[in-house]
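Notes to accompany the following structure.
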Amino acid sequence: MTESSGPIEAIAQALSCAIAAALGEQYRDTDLQIRPSQNPKFGDYQANFAMKLAKQLGSNPRELASKVADAAAEELAAIAEPLEVAGPGFINIRLKNQAIAHMLSSMDNQELGVTQQDDPHTIVIDLCAVNIAKQMHVGHLRSTIIGDALARILERIGRTVLRENHLGDWGLPIAMVLHELLEAKTNLDTLKLAELDSAYRKAQQKAKDDDAFLEAAKTTLVKLQNSDPQLIEDWHKLINCTLTALYESLEILNVKLTKENNRGESFYRDKLPGVIEAFTNAKLAKEDDGAMVVPFDTRERPLLIQKSDGGYLYATTDLAAIRLRTGQSNANRIIYVVDARQRDHFRDVFDAAKLIGWDKTPDGECAELRHIPFGSVLGPDKRPLKTRSGENVTLKSLLDEACERGESEVKKRASDPKAPTHGLSEAELKDIGTAVGIGAIKYADLSNDLVRDYVFDMNRMVRFEGNTGPYLQYAHARICSIFTKAGIDAGVLSSEQFAIGEPAERRLALTLLKYPDIIADVAKTLEPHRLCTYLYELADAYSSFYEHCPVLKAETDSIKRSRLKLCHLTRNVLSDGLDLLGIKAPTRM
RNA sequence: GCGCCCGUAGCUCAGUUGGAUAGAGCACCGGUUUCCUAAACCGGGGGUCGCAGGUUCGAGUCCUGCCGGGCGCGCCA
């Protein structure tokens, strides 16, 4: 039996050898297409390579499959029942229960079987990116939640991740609001978010109606860009006002993002002239109507990198950022979690970066530049979420609602004298409620294909049934309660053996064994909803197991201990998976 | 006008990157159950995968053309 590898690796190794033996060494690296079977009657796993390979060789796929299956029989005998060839040439593999138990032991450790990458390059994730000229609204929620989850997943496979909050803290909108605040003689030391919001709206309106205001704001921008000491000081006060609120919200959201992660547009301000210079020297940029543009062979519209008045644009900043991230931060993967409307922008910026070679790390590796486009959060009317008066919903009000709803769900259940949460203190219930409410909105955000819009429906998100965050948290809490009830510390089980017998145990075990592959898949595709789907499947398999297999009242002590180990491993995978989504898993709820 | 994205059950969504009879959850209908158990369980109906072609052993998935919805299209970020 192969050592400490998952089922797919073990099967793949045997089949590769078998193909090499039966067909020749040159076919050893054939893509075996091994995957879990959809239907139990097709075994636990299936290998689908025979059809394609037979085509290449001009032979019969069923015969080819049989030949390979025969050649693999001896090596696989230790872990699998005799292979079956079915349909046009599928090879169906059913694992022996003993092998399943052995493989479970292999993943029953700190890493839960997740393969660690030892790539010395970093990964940069560009996320959150709030505009500091106004209060945060619901639009900032997704970038932050998704970016944080992706960062956690990539850290989980052993990578060094640099989370960079690309704050909108520089440029005309900031100058405009700053100008408005100063003109109104607002005291910036006591600036409140509400004042800022109203100043922002006024400034936007004035800029439209009043040319003189716009000109004055542009003058303020020039002063700011020239580092006028007084103005810079005022600018810092403005930033602090929004950032203080941001960090409070991030704390509630359980997102790992602090001041250390600030890499706003202002951070790149002295690197912008160098961008134009580099593109000009490389003859990749040309003048067009007084502005500098980077033309592309494949399309009409070029990328504008400098305005005709000499000013820079956000494309310029993004290019400067790529240059720094590959060149100095040594990133071979740069991930932009920005809404889908900016697709064209990132395509242009990435192409421009490739033209000039800034996608290369110092050791010459080609970095992956990746935009993660996500859809909008919609209201019940299927239009982008707004308040009744037509304003953007503030992030704060959304989080408040989530926490309240979570708390009321938890308290409702705690009022039952039989509930494990009965009698907990107000503060404890509040903490659990926050975890539930925030878990609900995060899970709703992450559990479907990111690119799609979704309707924000608190009633559905907070339900304890169906594919929701609270359901998974509940599944986890219930397992915790078994150990409390049994009075057993899971640590004492470490020397015990897994034993797989009942169909429900088997299904749970096979689901557990998928976890390392799911994490590897999500780290590659950057599609967190696949992890959500998996965790739901796991909770479902566990639920069925728990329904059909008595744990504390198992027939024998060894079965009881094995089942407790299954419970424990399931709990660990659930809490690990939820943690990767940035969702807390309380032990009681 | 050009470009991009989306279209799967009544509703909300999956669909392992081209694999076997398209799956879940809500909702609906029928039955079982008071348990080691803190979400009860089992079964059932419900589908022209937007439409039409094409590629091949095989298409919800790939290519082309339509239809419908959303978004974006140089000196804002």
Side-chain angles (χ1 to χ4, degrees), chain A residues 33 35-39 41-42 46 48 51-52 54-55 61 86-90 92 129 131 133 166 168 170-174 176 207 265 288-293 299-315 317-318 339-345 347-348 373 375-376 378 382-384 413 416 418-422 444 447-449 451-455 457 460 463-468 470-471 473-475 477-478 480-482 485-486 514 517-518 521 525 529-530 532-534 536-537 539-540 543-544 546-554 560 563 588-589:
Chain A
Q33 301 186 55
R35 50 206 58 161
S37 298
Q38 305 242 14
N39 190 327
K41 82 177 183 204
F42 299 134
Q46 55 178 269
N48 299 344
M51 285 77 80
K52 190 171 278 180
K55 174 128 214 159
F90 300 108
N92 295 337
N131 175 356
H166 200 73
W170 203 246
L172 191 57
I174 311 298
M176 273 164 46
E265 290 164 341
D288 187 359
D289 270 343
M292 292 301 289
V293 301
R299 52 189 176 272
E300 283 289 303
R301 210 189 70 246
L303 175 66
L304 190 61
I305 57 172
Q306 188 174 28
K307 298 191 274 185
S308 50
D309 68 0
Y312 306 106
L313 299 108
Y314 77 139
T317 309
D318 278 328
D339 80 83
R341 289 174 304 187
Q342 308 238 5
R343 271 194 151 113
D344 291 351
H345 167 70
R347 188 191 54 177
D348 290 350
S376 307
L378 308 179
K382 304 257 176 132
R383 302 291 309 162
R413 286 167 175 79
D416 179 351
K418 287 191 297 188
T421 45
H422 191 71
S447 61
N448 56 25
D449 193 359
V451 75
R452 297 175 61 140
D453 296 346
Y454 77 90
V455 175
D457 180 352
R460 179 165 345 142
R463 275 202 305 232
F464 279 43
E465 303 88 31
N467 190 7
T468 69
Y471 173 79
Q473 289 172 317
Y474 211 165
R478 281 194 71 190
C480 293
S481 117
I482 293 171
K485 179 162 288 185
K514 287 184 188 174
D517 290 329
I518 295 291
D521 178 55
T525 61
H529 76 281
R530 290 169 184 269
C532 297
T533 304
Y534 167 79
Y536 182 67
E537 195 183 313
D540 193 46
S543 171
S544 169
Y546 197 54
E547 192 70 32
H548 294 103
C549 304
V551 176
L552 300 180
K553 291 189 177 172
K560 173 178 165 181
R563 287 182 180 165
R588 288 178 292 192
M589 60 188 278

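Labels below follow one simple rule: chain letters A, B, ... track the order of the sequence lines, proteins then strands, and each chain is numbered from 1.
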N/O (side chain, A:K553) to phosphate O (OP1/OP2, B:C36) under 4.0 Å
yes

Under 4.0 angstrom between A:R299 side-chain N/O and B:C73 OP1 or OP2:
no

Using Watson-Crick geometry (N1-N3 plus N6-O4 or O6-N4) or G-U wobble (N1-O2, O6-N3), each under 3.5 Å, B:U56 is paired with none

Check whether the side chain of A:Y314 and the base of B:A77 form a donor-acceptor pair under 3.5 Å. yes

In Watson-Crick or G-U wobble terms, with both distances under 3.5 Å, the base opposite B:U34 is none

Rounded to whole Å, the CZ-C1' distance (A:R460 to B:C13) equals 9 Å

Of the candidates B:G25, B:C5, B:A14, the side chain of A:T533 sits closest to B:A14

A:E300 CD to B:C73 C1', in whole Å, measures 12 Å

How would you label the contact of A:M589 with the nucleic acid (heavy atoms, under 4.0 Å): base, sugar-phosphate, or nothing?
base

note: A:R35, atom CZ; B:U61, atom P; distance rounded to Å ~ 17 Å

Q) Which part of the nucleic acid, if any, lies within reach of A:N92 when heavy atoms closer than 4.0 Å are counted: base, sugar-phosphate only, or nothing? A) base

May I ask you to say what A:S543 touches in the nucleic acid, namely base, sugar-phosphate or nothing, with a heavy-atom cut-off under 4.0 Å?
base

Going 5' to 3' through nucleotides 26-34 of chain B and flagging B where a protein heavy-atom sits under 4.0 Å of the base, S where only the sugar-phosphate is that close, and - otherwise, we get S--------

TODO: Tell me whether the OP1 or OP2 atom of B:A38 has a side-chain N or O from A:R588 closer than 4.0 Å.
DONE: no

Do side-chain atoms of A:T317 reach the backbone of A:E265 as a donor and acceptor pair under 3.5 angstrom? no

Item to complete: Give a yes/no answer on whether the side chain of A:K382 brings an N or O atom under 4.0 Å of OP1 or OP2 in B:U12.
Response: yes

Over all strands shown, is A:Y312 touching base, sugar-phosphate only, or nothing at heavy-atom distances under 4.0 angstrom? sugar-phosphate

A:P88 has its side chain closest, among B:G19, B:A39, B:A77, to B:G19

Across every strand shown, the nucleotide meeting Watson-Crick or G-U wobble geometry with B:G65 (both distances under 3.5 Å) is B:C51

Using modelled atom types and a 3.5 Å cut-off, is there a donor and acceptor pairing between side-chain atoms of A:D416 and backbone atoms of A:K418? yes

Check your understanding: Taking atom types as they are modelled, is there a donor-acceptor pair under 3.5 Å from the base of B:U37 to the side chain of A:R478?
Key -> yes

(Q) Please classify the nucleic acid contact of A:A340 as base, sugar-phosphate, or nothing, using heavy-atom distances under 4.0 Å. (A) nothing

Atom CG of A:D540 and atom C1' of B:A14 are separated, to the nearest Å, by 13 Å

| said: Using side chain to side chain contact (heavy atoms under 4.5 Å, CB included), reason through A:S37 and A:N39 one step at a time and then give a plain yes or no. | reply: CA-CA 5 Å; A:S37 298; A:N39 190 327; 5.8 Å; no

Practice problem: Using the C1' atom as the reference point in each nucleotide, state the distance between B:A20 and B:A27 in Å, no decimals. | Solution: 31 Å

Partner of B:C28 under the Watson-Crick or G-U wobble criteria, both distances under 3.5 Å, comes out as B:G44

Closest to the side chain of A:R341, out of B:C36, B:C71, B:C73, is B:C71

Using Watson-Crick geometry (N1-N3 plus N6-O4 or O6-N4) or G-U wobble (N1-O2, O6-N3), each under 3.5 Å, B:C75 is paired with none

| said: Please verify the inter-ring angle class for A:Y474 with A:F464; under 30° counts as parallel, over 60° as perpendicular, anything in between as tilted. | reply: perpendicular

For this session: Just call it for A:D517: base, sugar-phosphate, or nothing, with non-hydrogen atoms closer than 4.0 Å on any strand.
Result: nothing

Taking B:G74, B:G19, B:C5 as options, the one with an atom nearest any side-chain atom of A:L304 is B:G74

With the side chain defined as heavy atoms from C-beta on, A:P173 is closest, among B:A77, B:A38, B:C75, to B:A77

Between NE2 of A:H529 and P of B:C6 the distance, given in whole Å, is 12 Å

Rounded to whole Å, the NZ-C1' distance (A:K307 to B:G74) equals 11 Å

message: Going by centres under 5.5 angstrom and planes under 30 degrees, do the aromatic ring of A:F42 and the base ring of B:A20 stack?
response: yes

With syn meaning chi within 90° of zero and anything else anti, the base of B:U17 is syn

A:D449 meets the side-chain contact (heavy atoms from CB on, under 4.5 Å) criterion, sequence neighbours left out, with A:V451, A:R452, A:H529

For this session: Would you mind classifying the nucleic acid contact of A:E537 as base, sugar-phosphate or nothing, using non-hydrogen atoms under 4.0 angstrom?
Result: nothing

More than 12 heavy atoms from other groups under 6.0 Å of CZ on A:R299: yes

> So what does A:V455 hit on the nucleic acid, given a heavy-atom distance under 4.0 Å: a base, only sugar-phosphate, or nothing?
Replying inline: nothing

The nucleotide from B:G72, B:C36, B:G15 with an atom nearest the side chain of A:R530 is B:G15

Ranking B:C13, B:U37, B:G74 by distance to the side chain of A:Y454, first place goes to B:C13

Closest to the side chain of A:R343, out of B:A24, B:C4, B:C73, is B:C4

Rounded to whole Å, the NE2-C1' distance (A:H345 to B:C76) equals 12 Å

Re B:A9: Watson-Crick or G-U wobble partner, both distances kept under 3.5 Å, found to be none

Query - Centroid distance under 5.5 Å and plane angle under 30°, A:F90 vs B:A20 - result: yes

Checklist entry - Does B:G7 have OP1 or OP2 sitting under 4.0 Å from an N or O in the side chain of A:R452? => result yes

**Asked** A:T421 near the nucleic acid: base, sugar-phosphate alone, or nothing, with a heavy-atom cut-off under 4.0 Å?
**Response** nothing

- Query: Is it true that a side-chain atom of A:T468 and a backbone atom of A:R463 form a donor plus acceptor pair closer than 3.5 Å?
  - Reply: yes

Of B:G74, B:G3, B:C13, the nucleotide closest to the side chain of A:R347 is B:G3

Between A:L313 and A:D453, the residue closer to the 5' end of RNA chain B by nearest nucleotide is A:D453

- Please work out if A:P302 contacts a base, only the sugar-phosphate, or nothing of the nucleic acid, heavy-atom cut-off 4.0 Å. base

Exercise. What about A:S481, does its side chain sit under 3.5 Å from the base of B:A38 through a donor-acceptor pair?
Worked result: yes

- prompt: Contact class for A:A86 vs. all strands (heavy atom < 4.0 Å): base, sugar-phosphate, or nothing?
  reply: base

For A:D453 and A:K382, what are the C-alpha separation, side-chain angles and deciding distance, and is it a salt bridge (Lys or Arg N to Asp or Glu O under 4.0 Å)?
CA-CA 9 Å; A:D453 296 346; A:K382 304 257 176 132; over 6 Å; no

Taking B:C5, B:A38, B:G70 as options, the one with an atom nearest any side-chain atom of A:R383 is B:G70

- Message: Regarding A:A477, tell me which of base, sugar-phosphate or nothing describes its non-hydrogen contacts under 4.0 Å with the strands shown.
- Response: base

To the nearest angstrom, the NZ-P distance between A:K52 and B:G18 comes to 8 Å

